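Fair warning: this is a prediction, and the values are worked out from it, not measured in the lab. Just so it is clear: chains get the letters A, B, ... in the order the sequence lines come, proteins before strands, and each one is counted from 1.
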Amino acid sequence: MKYEHQPIEKKWQDKWEEAGVFHASNESDKPKFYALVEFPYPSGQGLHVGHPRPYTALDIVARKRRLQGYNVLYPIGWDAFGLPTENYAIKNHIHPAEVTKKNVARFKQQIQSLGISFDWSREINTTDPDYYKWTQWIFLQLFQRGLAYKKEMAVNWCTSCKCVLANEEVVDGVCERCGSPVVHKVKSQWMLKITEYAQRLIDDLDLVDYPERVKAQQKNWIGRSTGAEVDFTATTGDKLTVYTTRPDTLYGVTYMVLAPEHPLLEKWKDTISNWDEVRAYQDAAARKSEFERTEVAKEKTGVRLDGVAAVNPVNGVEIPIFISDYVLTSYGTGAIMAVPGHDTRDWEFAKKYGLPIIEVVKGGDVEKEAFTDCDTGIMVNSGILDGLTVEEAKVKIKEFLEEKGIGHNKVNFKLRDWVFSRQRYWGEPIPIVYCEKCGYVALPESELPLRLPDVKSYEPTDTGESPLAHMTDWVNTTCPHCGGPAKRETDTMPQWAGSSWYFLRYMDPHNQEVLASKEAMEYWSPVDWYNGGMEHTTLHLLYSRFWHKFLFDIGVVPTSEPYAKRTSHGMILGENGEKMSKSRGNVVNPDDVVREYGADTMRLYEMFIGDFEKSAPWNPSSMKGCRRFVERFWNFQNIAVPGGVRKELETSFHKTIKKTGEDIENLKFNTAIAALMSLMNEIYDTGSITVEELKIFTILLNPFAPHVTEELWEQMKFGGGMVCQQAWPVYEEAKCQEDTIEVAVQVNGKVRARILVAADLDKDGVLAQAKSEAKIASEIAGKKLVKEIYVPGKLVNIVAK
RNA sequence: GCGGGUAUGGCGGAAUUGGCAGACGCGCAGGAUUUAGGUUCCUGUACCGCAAGGCGUGUGGGUUCGACUCCCACUACCCGCACCA
């Protein structure tokens, strides 16, 4: 009997939707389980085979949890604002909203053809005004508490998208999205003070269950470092503060370096005798692109300031001051003290400009190279610190600095505030107006959502203004504060805005009064299990944690962290082992796979392909094994006989129930499927399957292959509704153990025989049986038995000399 | 440079409180059924060897009765960050 997957899969997808079996309830006596996958950006290309991997994985978890009696929320939606849609709209003269609608319809149809048990009654879309009303509302809360502010600053400007990018969106000096060069441009931008949450974003990682690599990457990105700020004095009398992580090396300072943009330079204009040279260097630094300036390999350059010097506060020594573009204004104080004896960059710089190098920690040879690996060394040439260990010196110097009032401990972060405006059309309008008299004024809540106006042209402008700026009717408005003339903000929010809180909306997606009701959030929070890509670790994941902490602080959400557990899937690569992409021509469309092999086979294949957390190349030849597995399951019908679980298969069934359940929770879908395959092989070896056995097998397989299991359940007239409404089988620990077990017998660590023993036989009994084995007896004959080891149920090792 | 990870048959991959390496699947070889087979079923399959046996988890050491697993020193590759003082 051939399994016709096409009509059968469609049939069950329709039935599930009609019956609403996957709709979550906000009121239930059952325990809740909130599973979340990152909602997709509905691009024009449609789904590729990478998308279903995480969806299927959490679908398996969600389906299994439902069978176990949980009230499961497994929602989906569309992260639909963004550049590709807007660009497509411009090119083809279609409104971005129309493009979005079309793409969403295609994505939805594709996802539904995979049999994912999403709760479609909670579908959301970030471009829906009923949704972005609340994105704007959150922005206003940030603004009213001083966490959103406007700032004139040099920003990353993509020359092709004609748009500002966040630091996180610039990769190797080019735009992450289109690969065009990124240059610096001074513009007035909306910023969000994520830096205010830097410490808590690190600390609270202890509260959540994230993979170590995700935690490490976030910590690395936030970049906390501890050190001290120390005040040097310039010969002009100005205070010159530096940040250092090594205040213990203060006696080794032989010069200072300022960033070319350091504000004191302008003040010293008349004192610096080589001002022309300094100005030329400043200009050159300003012209460099982000990429040129951060290129690591390049040689350090700088200019010495003539006529101004600095005085080291610990020993009164006068030292020269340089400017160099390797010192950044955006980190620390924009000025550093240079210790060439113990810092590689300072050492190179000192060698190049012939500056003195002083050893302050013993152990290296500072004439040959900087001695940086010196945490265990002893201080020398360091006045009050001489003879101390580095560790002791750190404590003593800090006491000294504080006593004299010339320095104090300081924590610094690499994390910068989040550049939040984009000069594009297809994003949430920022609900702020600018009034000559009152400055930036928040729109009253009653005017939300502030809808995107219908513009004729979405073309980005070369002036760096948003396309919205041309809509004078829309731009010109009145100030909500004083009633005078005012202009609307014409920049829009970045794509990350809508995705920073979407998981809250799923809890109560149709609420018109608040972003989600208190009751709904208290019931569903936090997300129990959130799976997503590693590429979002320092973008979406960090941003949404920040917004959630803010919403927690103002009493909107009940938990300080949004996601209790995070997991990450590996990428599906092309057949050639390279990343799937249109340009490489190795993209596989899931529609073709579903048509040829069926959704169940596709799901099994993607889960069986390898370790879920690692990337794996697409290999259609092993698809056959999964299809074969589905058909062999289907053919169980041909050998089904009445009866309960047979004695000889009892242990196997208990073991498989245990393993399948545990493996699903541990993301080990590949071994869960392998266990089911093994059980199937064992069943076929007996020549038949009993009705009870088939029922259990069907329920175990259902989360992986939902369609074929439903159809077989119906064909067999097992009753009680659909498979997805049954109860997950329960195993007994005691019955996972065989009565008779095989024990390997080793002599001096090498396996020489295998014996069958009763499971409850004690050590002496097993050893006696092992030694009576002919092979073993001859091996140990005439030798002295030194040691005898028995690992219960596994092996015996006899050490003989 | 810093941080994280990986290395096992022809291939994807199993196996971790140290205890039978190669589960499961693909592929391949042989056989059965079939008019036929890109179907199904059975058998075999790390490597060397006819066999007894030997050898084997990136490399080199170590601990142990016993190491894919633990320790030390390397190599190669992948990912993230990177002039962060």
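Checking B:rC55, B:rC26, B:rG25 against the side-chain heavy atoms of A:K750 singles out B:rC55 as nearest. For A:I609, counting side-chain heavy atoms from C-beta on, the closest listed nucleotide (B:rA23, B:rA85, B:rG12) is B:rG12. Comparing B:rG19, B:rG80, B:rC81 against the side chain of A:N797 picks out B:rG19 as the nearest. Here B:rC81 is the nucleotide among B:rG19, B:rG27, B:rC81 with the atom lying nearest to any side-chain atom of A:W221. Checked against B:rA85, B:rA14, B:rC83, the side chain of A:Y326 finds its nearest nucleotide in B:rC83. Among B:rG27, B:rG54, B:rG19, the nucleotide with an atom closest to any side-chain atom of A:R752 is B:rG54. If you check B:rG27, B:rA14, B:rA85 against the side chain of A:R345, the one that comes closest is B:rA85. Taking only side-chain atoms of A:T671, from C-beta outward, the nucleotide of B:rU6, B:rA85, B:rA23 with the closest atom is B:rA23. Looking at the side chain of A:T244, the nearest of the listed nucleotides B:rG13, B:rA85, B:rG19 is B:rA85. Comparing B:rA21, B:rC84, B:rA14 against the side chain of A:R416 picks out B:rC84 as the nearest.
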**OP:** Report the C-alpha distance between A:R53 and A:E613 in whole Å, list the side-chain angles of each, state the deciding distance to 0.1 Å, and finish with yes or no for salt bridge (charged side-chain N to carboxylate O under 4.0 Å, His left out).
**Re:** CA-CA 10 Å; A:R53 196 183 197 194; A:E613 299 185 84; over 6 Å; no
Original post:
Are A:Y353 and A:Y255 close enough, and set up right, to give a ring pair (Phe, Tyr, Trp, His ring centres under 6.0 Å), and what steps lead you there?
Top reply: CA-CA 11 Å; A:Y353 292 97; A:Y255 61 97; 8.6 Å; no
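Look at A:K658 and A:E733 and you find a salt bridge, because one of the NZ, NE, NH1 or NH2 atoms lies within 4.0 Å of a carboxylate O, short of that distance. Here A:K771 pairs with A:E788 in a salt bridge; the nearest charged N to carboxylate O distance falls below 4.0 Å. In this structure, A:E631 pairs ionically with A:R627, as a charged nitrogen and a carboxylate oxygen lie closer than 4.0 Å. For A:E662 and A:K655, the salt-bridge test fails: no basic side-chain N is under 4.0 Å from an acidic carboxylate O.
Atom C1' of B:rU16 sits at a distance of 14 Å from the matching atom of B:rU57, rounded to the whole Å. B:rU40 and B:rU33 have their C1' atoms separated by 8 Å, with the value rounded to a whole Å. With P as the reference atom, B:rG10 and B:rA23 are 14 Å apart, rounded to whole Å. When the P atom is used for both B:rG12 and B:rA7, the distance is 12 Å, rounded to whole Å. Taking the C1' atom of each, B:rC71 and B:rC2 are spaced 24 Å apart, rounded to whole Å. If you take atom C1' in B:rG56 and the same atom in B:rA21, they sit 9 Å apart, rounded to whole Å. With P as the reference atom, B:rG9 and B:rA85 are 42 Å apart, rounded to whole Å. B:rC70 and B:rU64: their C1' atoms are spaced 10 Å apart (whole Å).
Nucleotide B:rC83 holds its C1' atom 17 Å from the CE atom of A:M337, rounded to whole Å. Rounded to a whole Å, the CE atom of A:M607 is 14 Å from the P atom of B:rA14. As a whole-Å value, the separation of A:R213 CZ from B:rC79 P is 13 Å.
Nearest heavy-atom pair, A:A198 versus A:L415, reported as atom, atom and distance to 0.1 Å: CB-CD2, 4.1 Å.
Against the 90° criterion about 0, the sugar-base torsion of B:rG31 places it in the anti range.
Rounding to the nearest 0.5 Å places OG1 of A:T538 at 15.5 Å from NZ of A:K219.
Among the heavy atoms of the strands, none lies under 4.0 Å from A:E788. Residue-level contact check: A:N670 touches the backbone only, with heavy atoms under 4.0 Å from sugar-phosphate atoms and none from bases.
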Subject >> Pairing pattern in dot-bracket form [Watson-Crick, G-U; both distances under 3.5 Å; | = partner strand] for RNA chain B >> reply: (((((((..(((......[....)))((((((.......)))))).((....))...(((((..]....))))))))))))....
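Not a single donor-acceptor pair, N or O on each side, falls under 3.5 Å between the base of B:rC81 and the side chain of A:K414. Not a single donor-acceptor contact under 3.5 angstrom links the side-chain atoms of A:N220 to the base of B:rC81.
In this structure, A:F636 has its ring center under 6.0 Å from that of A:Y684.
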